[in-house]
Amino acid sequence: MSTHSNHPFHLVDYSPWPLTGAIGALTMVSGLVKWFHQYDNSLFILGNIITLLTMYQWWRDISREGTFQGLHTFNVTIGLRWGMILFIISEVFFFVSFFWAFFHSSLSPTIELGSLWPPMGILIFNPFQVPLLNTAILLTSGVTITWAHHSLLENNHSQTMQGLFFTIVLGIYFTILQAYEYIEASFNISDAIYGSTFFMATGFHGLHVLIGTTFLIVCLMRHMKNHFSNSHHFGFEAAAWYWHFVDVVWLFLYISIYWWGS
């Protein structure tokens, strides 16, 4: 069968990974329910294993298509760029819902909250301690990922690797500090609307930091294998866009929930 095509677009081959990914997601969510009700996390762990194996093999196939098979042509990468842009826009509106809930309750606290914000009995975090340190960490990581991108455009392999490495380290450091903050918190997610909005907004942001860090680790591994050039590196660019989005969301979280909301 001829592999020649008369168009610049990539028609993907049959793949089992969407099916195995769906099975992994179903197993993971079912495992969460079982964990919450029967205190048995074995099904949840199995779902995670299936999902991780699917991620590895699906990303491996995409890397092969773009790097070795030459299927990510100029027209294809334009489509990928628009796909990533629209995905980030959808993520923006995802976080808008949390900010909406926060400002709806904080600007006009109900009588059930004592007409106070934060509600009485909630000991909030000092915005000039760990939250400010986390802000500095994420802003610094924005600088290091930009450094890596510019180094890649200049074909500087070692500095690109250094910039990516430092960004990953800063992302992991941020996650550790966020976990420490949660452990030290004097309130939990069930403590009125303040606890709900705080942990939903910062928790989902923390999840996005973990996803972005994983994205960057994959980019570092691909860069070490020389998958990127100065003219063909959209996988890296997508990771950088996502990381900048995570940075901007944190700035809004810090200003609104930690600083203004206190």
Side-chain angles (χ1 to χ4, degrees), residues 9-10 12 55-56 58-63 65-67 71-99 134-157 159-175 178 201-255:
F9 303 104
H10 175 207
V12 295
M55 287 162 56
Y56 172 77
W58 201 343
W59 294 349
R60 176 204 64 192
D61 289 354
I62 293 170
S63 298
E65 290 166 0
T67 308
L71 296 173
H72 289 182
T73 61
F74 178 74
N75 285 2
V76 172
T77 55
I78 288 176
L80 293 173
R81 287 171 188 276
W82 275 110
M84 192 66 193
I85 290 167
L86 292 172
F87 169 69
I88 290 174
I89 290 172
S90 73
E91 292 280 86
V92 168
F93 282 96
F94 177 76
F95 278 99
V96 163
S97 64
F98 298 134
F99 285 111
N134 266 343
T135 303
I137 289 167
L138 275 191
L139 288 176
T140 305
S141 73
V143 173
T144 55
I145 193 69
T146 304
W147 168 35
H149 189 199
H150 282 276
S151 299
L152 183 57
L153 292 174
E154 294 170 2
N155 280 327
N156 192 325
H157 188 274
Q159 287 203 14
T160 304
M161 191 156 60
Q162 290 168 27
L164 270 172
F165 174 77
F166 286 127
T167 308
I168 292 164
V169 169
L170 290 167
I172 294 170
Y173 186 29
F174 175 92
T175 303
Q178 191 79 55
T202 59
F204 270 109
H205 176 267
L207 177 64
H208 282 70
V209 171
L210 285 171
I211 293 168
T213 305
T214 306
F215 205 167
L216 292 171
I217 290 171
V218 172
C219 285
L220 178 61
M221 293 168 65
R222 292 190 64 194
H223 179 67
M224 292 169 68
K225 294 177 178 293
N226 295 308
H227 284 194
F228 299 132
S229 69
N230 63 345
S231 60
H232 192 83
H233 56 266
F234 176 68
F236 174 88
E237 273 190 298
W241 292 356
Y242 190 82
W243 196 254
H244 287 308
F245 158 73
V246 168
D247 285 352
V248 172
V249 169
W250 175 258
L251 286 176
F252 279 99
L253 280 173
Y254 176 75
I255 293 169

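For Phe99 against Val249, the heavy-atom pair with the smallest separation is CZ-O, 4.2 Å. Closest heavy-atom contact between Cys219 and Ala239: SG-CB, 3.7 Å. Val209 approaches Gly171 most closely through the heavy-atom pair CG1-O, 3.9 Å.
Here Thr213 pairs with nothing under the side chain to side chain donor-acceptor pair (under 3.5 Å) rule; sequence neighbours left out. Applying the side-chain contact (heavy atoms from CB on, under 4.5 Å) rule to His244 yields the partners Ile145, Thr146, Asp247; only residues at least two apart in sequence or on another chain are considered. For the side chain to side chain donor-acceptor pair (under 3.5 Å) test, no residue two or more places apart in sequence or in another chain qualifies with Asn155. Looking at residues two or more places apart in sequence or on another chain, you find a side-chain contact (heavy atoms from CB on, under 4.5 Å) between Thr73 and Pro8, Asn75, Val76. Residues passing the side-chain contact (heavy atoms from CB on, under 4.5 Å) test with Ile255, sequence neighbours excluded: Trp259.
The CG atom of Leu80 sits 11.0 Å away from atom CD1 of Ile85, with the distance rounded to the nearest 0.5 Å. Taking CD of Glu237 as the reference point, atom OG1 of Thr77 lies at 9.0 Å (rounded to 0.5 Å). Interatomic distance, CD of Gln162 versus OG of Ser151, reported as 8.0 Å (0.5 Å rounding). Distance check: Thr202 OG1 to Gln178 CD gives 5.5 Å after rounding to the nearest 0.5 Å. Of the inter-residue distances, the one linking Trp58 atom CH2 with Asp61 atom CG reads 10.0 Å to the nearest 0.5 angstrom. In this structure, Ile168 CD1 and Ile172 CD1 are separated by 7.0 Å, a value rounded to the nearest 0.5 Å.
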Checklist line | Audit row: His72, Ile62, side chain to side chain contact (heavy atoms under 4.5 Å, CB included) steps and yes/no | finding: CA-CA 9 Å; His72 289 182; Ile62 293 170; 4.0 Å; yes

Margin query: Test side chain to side chain contact (heavy atoms under 4.5 Å, CB included) on Thr160 and Trp147; report intermediate values, then the result.
Written below: CA-CA 7 Å; Thr160 304; Trp147 168 35; over 6 Å; no

Next item on the list: List the steps and the verdict of side chain to side chain contact (heavy atoms under 4.5 Å, CB included) for Phe204 and Glu91.
Entry: CA-CA 11 Å; Phe204 270 109; Glu91 292 280 86; over 6 Å; no

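A donor-acceptor pair is defined here as one N or O able to donate and one able to accept, closer than 3.5 Å; no such pair exists between the side chain of His232 and the backbone of Phe228. Side-chain atoms of His223 come within 3.5 Å of backbone N or O of His157 as a donor-acceptor pair.
For His149 and His233, the ring centers are positioned less than 6.0 Å apart. Taking the ring centroids of Phe95 and Phe252, they lie at or beyond the 6.0 Å cut-off. For an aromatic pair to be called close, the ring centres must be under 6.0 Å apart, and Trp241 with Phe215 fails this.
Of the listed residues (Asn134, Leu251, Leu170), just one forms a side chain to side chain contact (heavy atoms under 4.5 Å, CB included) with Leu139, and that residue is Leu251.
A donor-acceptor contact closer than 3.5 angstrom is absent between the side chains of Thr167 and Trp243. Judged by distance alone, the side chains of His150 and Asn156 never bring a donor and an acceptor atom under 3.5 Å apart.
Applying the salt bridge (charged side-chain N to carboxylate O under 4.0 Å, His left out) definition to pairs two or more places apart or across chains, none involves residues 211-226.
Between Met55 and Trp59, some side-chain heavy-atom pair lies under the 4.5 Å cut-off. Contact annotation: the side chain of His205 approaches that of Leu138 to within less than 4.5 Å [non-hydrogen atoms, C-beta and beyond].
A 6.0 Å sphere centred on OH of Tyr56 holds no more than 12 heavy atoms belonging to other residues, nucleotides or ligands.
The aromatic rings of Phe245 and Tyr242 are tilted relative to each other, their planes meeting at an angle between 30° and 60°.
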